[in-house]
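Bear in mind the structure is a predicted one, so any value in this text is a computation, not a measurement.
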Amino acid sequence: MANYQRGDAAAAGELVDALSPQLFRFFLGQVRNRELADDLLQDLWLRIHSARHTYRESEPLLPWMYAIARRVRIDQYRRNKNRANRELQMERLPDAPVPDAEPAGNLDFETLLAELPESQREVLVMLKVSGLSVEEVARATGCSAGSVKQKAHRAYEKLRTLLKGSGHAV
Amino acid sequence: MPFEAPEGLMNATPDATRVAETRRKLMATTAPVRALPPNAALMITCIAVFVALAAILAMPFGYYGIENMSAAGRAMEFTVLLLLAVTLAGGVVEQMIPGSQRTLRPVVSALTAIVLLSVTALLLFPVPGSGDFVRRGLPCLRLGLTCAIPAAGLVHVMMRRGLVTDDISAAVAGGAFAGLLGVAVLTLHCPIFSSGHIVAWHVGVIALTSLLGALAGWLRAR
């Protein structure tokens with residue numbers, strides 16, 4: 001990242017190659033649509049490119065990137081919401097992107113994840129899919145570590161209840 | 001751990017063509033940038049501007065407040081103001097850097113400032129109020145809010161150098177910091193030493209600017 005800031009184009013390419021899969025999974029875990037996740041990933045890299053001066057070498061990289069990724073995701077959500085509000089007056093709504101039938105090979109997991117509130121789903125995806133630590137998630141989401149743990153705990157509880165309800169072993 | 005994500009999601013990969021396209025775009029436009037200074041340096045800049053701006057803005061109205069205050073009162077009042085300036089400047093800086101460690105939520109910082117300034121006023125000036133409460137108070141509120149405007153503008157310019165990831169929190173942090181500048185100007189200028197006047201018309205500036213900040217942030221976030 002430091003080389004990227006210094007104008008090293010190869011370092012920029014390496015960073016994109018190394019971190020794109022992880023960031024893609026973060027988006028996919030939330031939007032459940034491959035095409036949209038690809039769009040968000042591209043949007044994120046452009047945003048990172050224009051805000052790369054805000055990264056400091058002394059600070060951890062992943063929370064910085066995930067904080068921007070989170071912002072990209074929120075902006076996309078707002079855009080969709082505003083568009084939906086405007087289009088309500090139309091006679092027929094255009095087809096909105098729908099979640100892939102089996103985006104990640106496990107429909108049950110996707111369905112269960114969709115049942116969680118946005119904030120809990122986000123924390124769970126960062127912890128379990130992206131592999132961030134509690135401290136890193138706290139930095140990325142602007143919450144305290146305690147709040148992250150509480151959200152994760154509530155998400156586990158809800159998933160446990162849902163799994164029990166569907167007859168799966170917990 | 002009580003939960004593991006499924007392999008399907010863990011192994012999902014982005015569209016290679018799109019990634020290659022993004023890589024090409026970034027590599028074609030990569031140029032050296034200067035990273036922002038550390039948080040401490042940004043905070044010091046914020047506080048230096050805060051002190052200078054408060055002194056400059058109070059100058060045309062006169063430093064009657066500080067001139068008529070006891071030495072102990074001065075020491076206590078300005079220590080509290082400086083401590084709060086450090087806290088709120090820290091909040092502003094945290095909001096402009098993605099992924100930085102958050103010490104206090106901006107709403108908590110603003111409330112802390114309101115409580116601490118009110119308690120200081122009650123301790124220093126036990127006289128609860130004087131006549132013409134509203135007539136003598138409104139000019140103070142107006143002056144405080146007017147002085148907060150340039151401070152809010154500077155905070156906005158500074159935040160644009162960074163990347164705000166939470167509009168509402170950032171706007172509350174900026175609003176509270178700008179409001180504190182209004183309070184500092186009033187402390188330098190206003191010679192009315194009654195706790196009721198200070199809590200309602202001086203400290204009220206921070207409450208109003210924080211609320212206005214929250215409103216501006218909410219409108220931007222919609």
Quick one: do A:Asp38 and A:Arg34 satisfy salt bridge (Lys or Arg N to Asp or Glu O under 4.0 Å)? Show the steps, please. CA-CA 6 Å; A:Asp38 273 321; A:Arg34 291 194 70 95; 5.4 Å; no

Give a yes-or-no answer on whether the side chains of [X] and [Y] include a donor-acceptor pair shorter than 3.5 Å.
X: B:Arg102; Y: B:Ser100; answer: yes
X: B:Glu94; Y: B:Thr103; answer: yes
X: A:Gln76; Y: A:Arg73; answer: yes
X: A:Gln42; Y: B:Arg18; answer: yes

Smallest separation among heavy atoms of B:Thr209 and B:Gly175, with atom names: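 Looking at all heavy atoms of both residues, the closest pair is OG1-O, 2.9 Å.
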
Would you name the heavy atoms of B:Ala221 and B:Asp167 that are closest together and state the gap between them?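 Of all heavy-atom pairs spanning B:Ala221 and B:Asp167, the closest is CA-OD2, 3.8 Å.
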
Part of [X] within contact of chain B (heavy atom distance under 4.5 Å):
X: A:Asp8; value: backbone
X: A:Arg6; value: backbone
X: A:Gln22; value: neither
X: A:Ser20; value: both
X: A:Tyr4; value: both

Could you check whether any side-chain heavy atom of [X] comes within less than 4.5 Å of a side-chain heavy atom of [Y], counting everything from C-beta outward?
X: A:Tyr66; Y: A:Thr141; result: no
X: A:Val134; Y: A:Leu127; result: yes
X: A:Arg121; Y: A:Glu118; result: yes

Just checking A:Arg78: does its CZ atom have more than 12 heavy atoms from other residues, nucleotides or ligands closer to it than 6.0 angstrom?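 Yes.
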
Partners passing side chain to side chain contact (heavy atoms under 4.5 Å, CB included) against B:Ala35 (at least two apart in sequence or in another chain):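 Testing B:Ala35 for side chain to side chain contact (heavy atoms under 4.5 Å, CB included), a comparison that skips the adjacent residues, returns A:Gln5.
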
Options A:Pro63, A:Ala51, A:Gly13, ranked by heavy-atom pairs under 4.5 Å with chain B, top entry: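 Greatest number of close heavy-atom pairs with chain B: A:Gly13.
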
Quick one: of A:Ala138, A:Gly142, A:Ala12, who has the most non-hydrogen atom pairs under 4.5 Å with chain B?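 Winner by heavy-atom pair count: A:Gly142.
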
For the backbone of A:His49 and the side chain of A:Arg52, can you confirm whether one donor and one acceptor N or O come within less than 3.5 Å of each other?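 Indeed, once roles are kept as given, a pair shorter than 3.5 Å links the two residues.
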
What do the steps show when you test B:Arg160 against B:Met96 for side-chain contact (heavy atoms from CB on, under 4.5 Å), and what is the final call? CA-CA 8 Å; B:Arg160 280 177 67 91; B:Met96 61 184 272; over 6 Å; no

At a 4.5 Å cut-off on heavy atoms, which part of [X] comes close to chain A: side chain, backbone, both, or neither?
X: B:Ser169; answer: neither
X: B:Arg161; answer: both
X: B:Ala20; answer: neither
X: B:Asp15; answer: both

For the interface with chain A, which of B:Thr13, B:Thr22, B:Asp166 has the highest count of heavy-atom pairs at distances below 4.5 Å?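 Option with the greatest count: B:Thr13.
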
Pick from B:Val164, B:Leu163, B:Leu26, B:Thr165: which one has the most heavy-atom pairs with chain A under 4.5 Å?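 Heavy-atom pairs under 4.5 Å are most numerous for B:Leu26.
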
Does anything in residues 115-126 of chain B get under 4.5 Å of chain A by heavy atoms, and if so which residues?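 Residues in range: none.
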
Chain A neighbours within residues 73-88 of chain B, where any heavy atom lies under 4.5 Å away: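 So no residue qualifies.
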
Just do the side-chain contact (heavy atoms from CB on, under 4.5 Å) check on A:Met126 and A:Arg70 with the steps written out, would you? CA-CA 10 Å; A:Met126 281 189 188; A:Arg70 195 169 170 263; 4.2 Å; yes

When the side chains of residues 39-61 of chain B are checked against the rest of the protein, which donor-acceptor pairs come out under 3.5 Å, sequence neighbours left out?
from    : atom 1 : to      : atom 2 : distance (Å)
B:Asn39 : OD1    : A:Arg56 : NH1    : 3.4
B:Asn39 : OD1    : A:Arg56 : NH2    : 2.3
B:Thr45 : OG1    : B:Ala41 : O      : 2.7

